[in-house]
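Letters go in sequence order (proteins before strands), and every chain restarts at 1.
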Amino acid sequence: MKIASFNINGIKARAQALPQWLDEAEPDVVVLQEIKSIDENFPREIFEERGYTVETHGQKSFNGVAILSKLPLEDVTRGLPGDLPDGAPDAQARWIEATVMGDTPIRVCGLYLPNGNPVEIENGAPKEGGKYAYKLSWMKRMKARAEALLALEEPFLMAGDYNIIPQDEDAKRPEAWQDDALARPESRAAYREILNLGFTDAFRARTLGPGHYSFWDYQAGAWNRDDGIRIDHILLSPACADLLRDCQIDKEIRGREKPSDHVPIWVDLDA
DNA sequence: ATGCCGCTAGAGTAGCGA
């Protein structure tokens, strides 16, 4: 079973490039981020005519996640459990889950983790109500959700745009990112807290060393200089890691016409 | 030091987010 993650940076803008990649890569399941569309406006037909079931969790203008699947989906849920630190509900559409009913059912979580910039520190702590505090509090909620799913002892994975550069080797120019919300120590620590629950970074289970990226900024000729960062990840639960056959980043997509600034990452599971 | 892109509002550019 091939499961992919792709931050498409706007479904309308990717109406050509996304179906072209789908037809070539033929994933069974895809989690999408930044659909930037309300559910009613999502062009379901493009995917349904290719045999995909479509489940969206969108909002106006920003964010928005979705799951496409050629296999039946069960128990679809939308939104990351938990509220904002002040108790208000989280209005941002960044999380969707479904169980993919293949030979071995796999719970798939699609996520769009907050970017977190600008970093605002007040009295040595992330400023309350700021974007960086939101990112870190969201990661705490994600950790809680991961713990709840681990307790079920069933294979699952969490795939998406994590907006986290895990280590310096995951950036062409790590010094340029050291104070950024994607790489700051608090961000990396929160990511490791989740990882240390027992997850496997699927890509790093197969490929070591520098020079592997999933995002290249549109600005400053980043793609032409291969000035990228690895921020799209697929974390596997222990039972799911046992099923891993392969994990790849489809880098060449970035050099095509009207590309997203991210490229797809996928796993092949023996499931 | 810097080069972009997608979205919305609402009429040309401007602001936001990333």
Side-chain angles (χ1 to χ4, degrees), chain A residues 5-21 31-43 46 56-66 80 84 90-95 110-121 126-127 129-139 142 159-166 170-184 186-188 190-191 213-233 251-265:
Chain A
S5 171
F6 193 0
N7 180 324
I8 55 175
N9 191 15
I11 185 62
K12 295 178 201 72
R14 231 52 66 204
Q16 304 296 321
L18 175 56
Q20 185 187 355
W21 169 76
V31 293
L32 300 175
Q33 302 87 38
E34 284 203 88
I35 64 174
K36 295 186 175 180
S37 161
I38 59 174
D39 297 336
E40 293 73 19
N41 291 349
F42 191 84
I46 294 175
T56 60
H57 179 40
Q59 69 179 93
K60 194 176 176 182
S61 305
F62 306 117
N63 307 324
V65 289
L80 180 63
L84 301 180
D90 186 353
Q92 300 193 30
R94 296 178 173 277
W95 185 271
L111 67 109
Y112 176 45
L113 205 149
N115 175 292
N117 285 305
V119 173
E120 296 175 286
I121 303 293
K127 183 182 174 187
K131 289 190 161 64
Y132 194 49
Y134 175 63
K135 176 178 194 151
L136 296 175
S137 67
W138 199 96
M139 294 181 79
M142 179 177 168
D161 177 359
Y162 280 69
N163 272 313
I164 292 284
I165 302 168
D170 297 308
K172 176 70 169 289
R173 296 182 302 122
E175 70 283 357
W177 295 96
Q178 61 185 0
D179 298 322
D180 191 280
L182 276 60
R184 282 181 60 95
E186 302 95 320
S187 304
R188 287 181 170 176
Y191 177 75
Y213 312 124
S214 66
F215 169 93
W216 295 260
D217 202 295
Y218 289 123
Q219 301 184 66
W223 168 248
N224 290 327
R225 300 187 304 184
D226 196 25
D227 182 5
I229 51 178
R230 192 176 72 92
I231 57 174
D232 297 87
H233 310 300
K251 177 178 184 177
E252 71 282 0
I253 298 295
R254 186 62 177 80
R256 294 188 178 176
E257 287 297 307
K258 246 181 114 53
S260 171
D261 40 8
H262 296 250
V263 297
I265 175 176

Item to check | Interface residues of residues 218-230 of chain A with DNA chain B (non-hydrogen, below 4.0 angstrom) | outcome: A:Y218, A:Q219, A:A220, A:R225

Using a 3.5 Å distance criterion without hydrogens, assess whether the side chain of [X] forms a donor-acceptor pair with backbone atoms of [Y].
X	Y	value
A:R230	A:A171	no
A:Y112	A:A93	no
A:K135	A:N163	yes
A:H233	A:I164	yes
A:S187	A:A181	yes
A:Q33	A:N7	yes

Between [N] and [M], how many Å separate the two [atom1] atoms, rounded to a whole number?
N	M	atom1	result
B:dT8	B:dA18	C1'	16 Å
B:dG10	B:dG6	P	22 Å
B:dT2	B:dT13	P	24 Å
B:dA11	B:dA1	P	38 Å

Next on the checklist: Considering every strand and a 4.0 Å limit on heavy-atom distances, what is the contact class for A:R254: base, sugar-phosphate, or nothing?
Outcome noted: nothing

Checklist entry - Counting any heavy atom closer than 4.0 Å, what does A:F215 reach on the DNA or RNA strands: base, sugar-phosphate only, or nothing? => result nothing

Checklist entry - Mind checking whether A:W216 and A:W223 have parallel, tilted or perpendicular rings, split at 30° and 60°? => result perpendicular

Checklist entry - Any side-chain heavy atom of A:I265 sitting closer than 4.5 Å to one from A:S214? => result no

Checklist entry - In terms of the nearest nucleotide of DNA chain B, which residue is placed more toward the 5' end: A:N115 or A:P259? => result A:P259

Item to check | Upstream residue (5' side of DNA chain B) when A:D261 and A:K258 are each assigned their closest nucleotide | outcome: A:K258

Checklist outcome for this item: For A:R94 and A:N63 the tightest heavy-atom approach is NH2-OD1, 3.3 Å

Next on the checklist: Under 4.0 Å from a heavy atom of chain A: give me the 5'-most and 3'-most nucleotides of DNA chain B that qualify.
Outcome noted: B:dG3 to B:dA18

